[in-house]
K.L.:
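This structure is in structure tokens; I'll ask about it shortly.
All ligand and atom numbering here is 1-based and tracks the order in the structure.
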Amino acid sequence: MIIVLKPHSTPEQIQHVLERIEALGFMPHVSQGVARTIIGVIGDEDQLRAEPLQAIDGVETVLPILKPFKLASREFHQADTVVEVKGIRIGGGHLAMIAGPCAIEGEAILMEIAEQVQKAGANILRGGAFKPRTSPYSFQGMGEDGLKILKATGERFGMPVVTEVMDPRQIDLVVRYTDMIQIGARNMQNFDLLKEIGRTRTPVLLKRGLSATVKDLLMSAEYVLSQGNRQVILCERGVKSFEDSTRNMLDLASVPNVKAQSHLPMIVDPSHATGRRDLIPAMALASVAAGADGVHIEVHSCPEQARSDGPQALLPDQYARLMDQIRPLAELLGRKIDVCEGVSV
Ligand code: PEP
Ligand code: MN
């Protein structure tokens, strides 16, 4: 249910509505628009319908939210959400340029890659410390040692960092070292993980599941939002299909599809979507053209020695060339790419 308050309702009236909702045993979620305040009330719709919420002073109208996802919906929050990760804005016309290796493999190599992607214009550094590998015998990531390297590298180049969390037991550790938590495709419906991450206030990068629908993705975002963490960025990274010449099938239509239904920013990861270095530039450009709020790209300075996902890693100079194409496209479309502190363009 959404409660739309009258324009120019007073703080006292808003407070009173919130208290009434809490007294009824519901959790209110406030969305402050330019002209109006909207209060989302999530809970048993039948019970809510029985309450004369319309009669509360300052309330203009009470409407049901027709979608199964509520806090993620445009009905609840009309304006684009802009998530800020250590000064880098994502959403509402601001693009995230996330780049880095699949896995953190050591300090020297991460520093080398970070320096080059930052110079090329990346504004967030990625790197996995806990890796979700298909085989238990493959490299599983450097764990806390990797997190320390990631944090130090991000600080050295003034870049916020993002890394994946796979298990609720890793959350406390990871939030100490990272600026954004990634929930990987394989964990998109790990609901306990989503709820625990929802209790943090660290921005979240939620990747679409391997066989998840757009609705599934938005329902997973709802889990995080429902726990109070409003800083959610969605990521299209391809879905399983019959096509076997690419790693996954990039569903670019999901970008305008999601953005019509939700206020959350949505970026695209053409690296995991295609699994092929040669396809990444075209898909990255197409993503920006389709309205994505950024792109997430794996880059490695020596892909043949990468401990995971080498075949899909762009070389730093390929990444730089791609950024040289993305920038004018973004400008043409009226989008901005925030730059990391201390970097001049
Ligand atoms: C990753 O970003 O390193 C990753 C494993 O991606 P996904 O969860 O999309 O497969
Ligand atoms: Mn990878």
K.L.:
Students should be able to answer this: which protein heavy-atom is nearest to atom 6 (O) of ligand 1, and at what distance?
P.N.:
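Going atom by atom, the protein heavy atom closest to atom 6 (O) of ligand 1 ends up being Lys207 NZ, 2.9 Å.
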K.L.:
So, does Gln182 sit close enough to ligand 1 that a heavy atom of it is under 4.0 Å from the ligand?
P.N.:
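Contact present.
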K.L.:
Output the list of atoms in ligand 1 that are nearer than 4.0 Å to some heavy atom of Arg186, sorted by atom number.
P.N.:
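Near Arg186, meaning under 4.0 Å from one of its heavy atoms, ligand 1 has 7 (P), 8 (O), 10 (O).
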K.L.:
Strictly below 4.0 Å, N to O, side chains only: are Glu75 and Lys70 in salt-bridge contact?
P.N.:
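Result for this pair is no, no salt bridge flagged.
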K.L.:
Let me check something: do Met159 and Val175 share a hydrophobic cluster, defined by ILVMFWY side-chain heavy atoms less than 4.5 Å apart, either directly or through other members?
P.N.:
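No; tracing contacts between hydrophobic side chains, which count when under 4.5 Å, never links both residues.
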K.L.:
Does either side chain, that of Glu105 or that of His300, offer a donor lying less than 3.5 Å from an acceptor on the other one?
P.N.:
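Distance-only check passes for Glu105 and His300.
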K.L.:
Compute the angle centred on the Mn ion (ligand 2) spanning OD2 of Asp309 and OE2 of Glu298, and express it rounded to 10 degrees.
P.N.:
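With the Mn ion (ligand 2) as the vertex, the angle is close to 130°.
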K.L.:
Is it true that Lys336 and Glu331 make a salt bridge, defined as a side-chain N closer than 4.0 Å to a carboxylate O?
P.N.:
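Looking at Glu331 together with Lys336, the answer is no, because their closest N to O distance does not fall below 4.0 Å.
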K.L.:
Out of Glu298, Arg237, His272, indicate the one that has the non-hydrogen atom closest to atom 10 (O) of ligand 1.
P.N.:
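When every heavy atom of Glu298, Arg237, His272 is considered, Arg237 comes closest to atom 10 (O) of ligand 1.
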K.L.:
So that I can tick it off, tell me whether Arg74 and Asp80 are bridged by a salt bridge, with the cut-off set at under 4.0 angstrom between side-chain N and carboxylate O.
P.N.:
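Answer for the salt bridge query: yes.
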K.L.:
Pull out every atom of ligand 1 sitting under 4.0 Å from any heavy atom of Arg126, numbered as shown with elements.
P.N.:
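Matching atoms, with element in brackets: 1 (C), 2 (O), 3 (O).
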K.L.:
Looking at Asp293 and Lys259, does any basic side-chain N land under 4.0 Å from a carboxylate oxygen?
P.N.:
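A salt bridge is present here (some side-chain N lies under 4.0 Å from a carboxylate O).
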K.L.:
Measure from the Mn ion (ligand 2) to every N/O/S atom of His272 and report the name of the nearest one.
P.N.:
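Atom name returned: NE2.
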K.L.:
With no hydrogens and no angle check, just 3.5 Å: does a side-chain donor-acceptor pair link Gln312 and Asp309?
P.N.:
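Present: a donor and an acceptor within the cut-off.
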K.L.:
Report yes if some N/O of Ala185 lies less than 3.5 Å from some N/O of ligand 1; otherwise report no.
P.N.:
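For ligand 1, there is an N or O atom that lies under 3.5 Å from one belonging to Ala185.
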K.L.:
For Gly184, counting its heavy atoms only, list the atoms of ligand 1 lying under 4.0 Å from any of them.
P.N.:
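Per the distance check, 8 (O).
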